[in-house]
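Below you'll find the structure, written out as structure tokens, and then a few comments.
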Amino acid sequence: QIMLHRGGWLLGRASHSTRQLAHHWEVARSWTSHTARSLSGISEPTAGPAIENEERTVRAHVPHRRRQPHTDPVIPWTGGRYAYGASFEVDGAHIQVLETPEEFYQTLMDGVRTAKKRVTLASLYIGTGSKEVALVDAVSDAVRLNPKLRVQLLVDQTRGTRGTPNSATLMQSVLSAAVEVDAPRVTAAMYLTPRLTPLLRRVLRPPFNEVMELTHAKVYLWDDTVLVTGANLSENYFTDRQDRYLVVRSRGLADFMAKYVDVIAAMSSKLRVDGITEHPYRTDRTKFEAKAVKRLNKLLAPRLEDYAVGSSIPAAEYTTDGIPDTVICPLVQAGSWGVRRDENATEELLTALESGSTTWLATGYFNLTQRLANAIVSRCQSDVRILTAAPQANGFLGARGILGHIPAAYTHLASRFLALLQRHTEDSRVHMLEYSRDGHTFHAKGLWGYSAGAELPSFTFVGSPNFGERSASRDLECQLAIFTTNDTLRRALHDERVRLYSRGTRVTLEDLYTPDRRPAMWEAIATRFIRPFF
């Protein structure tokens, strides 16, 4: 049974009970109201419209029939030409789940070397080790072989200019290659937050100038393929820092992600062979951010003909029988600009899931927003399993100076959350696990959602956000919400989740109160003040 309600499609089986169907309608309503708000640029959630007798059969609106789900997944189907915003229907067989940092690196290298039309590398920074240099050299070689290749490079300016050599010097080597062969479509940009005023730039020295705001989104694509991950372009992310990596073949999605990078680049300094140009932000931060929001909202609520969606998708985007089985919804966050699409969507989905379902949430840095923590504890009916880095798997372990105390700060925040669970007697429904693996750090983040009684997930969130205070309020973030009925993809996502969680050990409040884990009093006090910055 396929029904449409105010632009949000929900697939369900005719065998559903009335209770299940009513619940699924609630999920679709929640997401539909959210996407409608994104059109008007409204950030905060509002009550969705009441479900009235407005159901219409899709047959009159859709050019082909949709496949019935094989199982019982919750799918807010907002894709195609009837969507409020940019969502993309694809064949689940065109999504590949990678396992290791080494696969991530090799896939990047192969993609750059085989690109015919475009390459985009947008990251927090590009490291300066041998692997990063080889990757950048591969981009330069691709430009020399094909001067018509479009290349977009984007990093954060504060992080990307730390030390010498740095991200800027590496990107300038690509620009030099473009000059050699007169390649006009190679650009490099460095995002600098207007929050970092000239006075703060003098006061906050590297790396502390990075606390104000960063572009934290990761966008790696070549031609019509997008690699979705939370990993930066640095040697440890290619060797021993575990993240998540999904490779998606979709022209529509690749077009959208390239336009997203264009939006951020337009609000950034331009890098040239001879240096960095003046930042587009001058003196009026309000006008700058208003312009940024206008650009971003235009992307989030586009004319659908701008993207390869709906019936305009090439046949290769569909399944072999011409029917899509997976929908991808890009979610972006720019909290400093008032754009909170990702945060709203995450909260709405978590609070709409039915009792008996299970949600697995991973974050490399446990610092849940108060809003998300309250939603999990008070309004979420799903069982929740949270995986975060153990102190020995935290990327800040062993850092010099004050940064070396950050793992203790995350432990303090975890203990506060576990105490909150105990006060609300929800500690049997929500568990926390710590990831630990010899010689590896943990950087994976995202969601996996299992309907009640299901053995395989029906959705996943994957990308750059850590679900924390910094992700929500400061940094520029992007992730994909992927909903699927493709059993092969669902099995691959399940196996990915099992691999990560198999290295997790459950921790309780009592575990974190032991002498060897409990932070010093000054660390606990300091955490309350610095929490919004990490």
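Residue numbers count from 1 along this sequence.
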Have a look at D224 and tell me which of K116, K117, R249 forms a salt bridge (charged side-chain N to carboxylate O under 4.0 Å, His left out) with it. K117
Distance-only polar pair, side chains of E102 and T239, donor-acceptor under 3.5 Å: no
If you measure from the Lys or Arg side-chain nitrogens to the Asp or Glu carboxylate oxygens, is any gap between E455 and R490 under 4.0 Å? no
Measure the shortest side-chain to side-chain distance between M171 and V136 over non-hydrogen atoms and say whether it is less than 4.5 angstrom. no
Polar side-chain atom of D91 near backbone of A93 as donor-acceptor pair, under 3.5 Å: yes
What I'd like to find out is whether the side chain of F256 reaches to under 4.5 Å of the side chain of V226, using heavy atoms alone. no
Give a yes or no on whether the backbone of G129 and the side-chain of E132 come within a donor-acceptor separation of less than 3.5 Å. yes
Restricting to pairs with a member in residues 265-277, which pass salt bridge (Lys or Arg N to Asp or Glu O under 4.0 Å), not counting sequence neighbours? none
side-chain contact (heavy atoms from CB on, under 4.5 Å) partners of A183, counting only residues at least two apart: V143, P147, A178, V181, V186
Return yes if some donor-acceptor pair links the side-chain N/O of T351 with the main-chain N/O of E347 below 3.5 Å, else return no. yes
Quick check against the 3.5 Å criterion: does Y501 have a side-chain atom that pairs as donor or acceptor with the backbone of R385? yes
Quick one: does any side-chain atom of S234 pair with a main-chain N or O of Y237 as donor and acceptor, under 3.5 Å? no
Can you tell me if E477 and S471 form a side-chain donor-acceptor pair at under 3.5 Å? yes
Using 0.5 Å steps for rounding, measure from the NZ atom of K259 to the CG atom of L299. 8.0 Å
Side-chain H-bond candidate by donor/acceptor type, Y191 with S269, under 3.5 Å: no
As an exercise, state the distance from CG of L480 to OG1 of T229, rounded to the nearest 0.5 Å. 11.0 Å
Without swapping roles, check the side chain of T441 against the backbone of A393 for a donor-acceptor pair under 3.5 Å. no
Say you draw a straight line from CG of L271 to CD1 of I276; how long is it, rounded to the nearest 0.5 Å? 6.0 Å
Backbone N or O of L221 within a donor-acceptor pair of the T225 side chain at under 3.5 Å? no
Backbone N or O of I126 within a donor-acceptor pair of the S123 side chain at under 3.5 Å? no
Give, for atom CZ of R341 and atom CG of L296, the distance between the pair rounded to the nearest 0.5 Å. 9.5 Å
Can you measure from CG (D495) to CG (L500) and round to the nearest 0.5 angstrom? 11.0 Å
Centroid-centroid under 6.0 Å between F104 and F238 rings: yes
Name of the residue among F483, W360, W448 meeting ring-ring contact (aromatic ring centres under 6.0 Å, His included) with F459: F483
Considering only NZ, NE, NH1 and NH2 on the basic side and carboxylate oxygens on the acidic side, decide whether R118 and D255 come within less than 4.0 Å. yes
What residues, two or more places apart in sequence or in another chain, satisfy salt bridge (charged side-chain N to carboxylate O under 4.0 Å, His left out) together with E496? R244
Does some side-chain heavy atom of L192 sit less than 4.5 Å from a side-chain heavy atom of T158? yes
Nearest-0.5 Å distance, CG of residue N232 to CG of residue D156: 10.5 Å
Could you go step by step and tell me if Y125 and Q157 meet the side chain to side chain contact (heavy atoms under 4.5 Å, CB included) rule? CA-CA 8 Å; Y125 69 103; Q157 185 166 326; over 6 Å; no
Pair D110-Q106, side-chain donor/acceptor within less than 3.5 Å: yes
Could you tell me whether the side chain of L149 reaches within less than 4.5 Å of the side chain of V119, counting heavy atoms only? yes
Does the side chain of E348 come within less than 4.5 Å of T346's, by heavy atoms? no
Could you tell me whether the side chain of T359 reaches within less than 4.5 Å of the side chain of L350, counting heavy atoms only? yes
List in chain and number order the residues that pass side-chain contact (heavy atoms from CB on, under 4.5 Å) with D240, two or more places apart in sequence or in another chain; answer none if no residue qualifies. N236, H440
Between Y105 and K131, is there a cation-pi geometry (under 6.0 Å to ring centre, at most 45° from the normal)? yes
Checking E103 now: which residues fulfil side-chain hydrogen bond (donor to acceptor under 3.5 Å, both in side chains) with it, not counting sequence neighbours? none
With a 3.5 Å distance limit and no angle check, can you tell me whether E89 reaches the backbone of D325 through a side-chain donor-acceptor pair? no
Full working for side chain to side chain donor-acceptor pair (under 3.5 Å) between E213 and S336: CA-CA 8 Å; E213 179 190 336; S336 64; 3.1 Å; yes
For residues 135-149, the side-chain hydrogen bond (donor to acceptor under 3.5 Å, both in side chains) pairs (sequence neighbours left out) are D141-R144, R144-E180
Any side-chain donor-acceptor pair under 3.5 Å between T388 and T363? no
Looking at S382 and S357, would you say the former's side chain and the latter's main chain have a donor-acceptor pair under 3.5 Å? yes
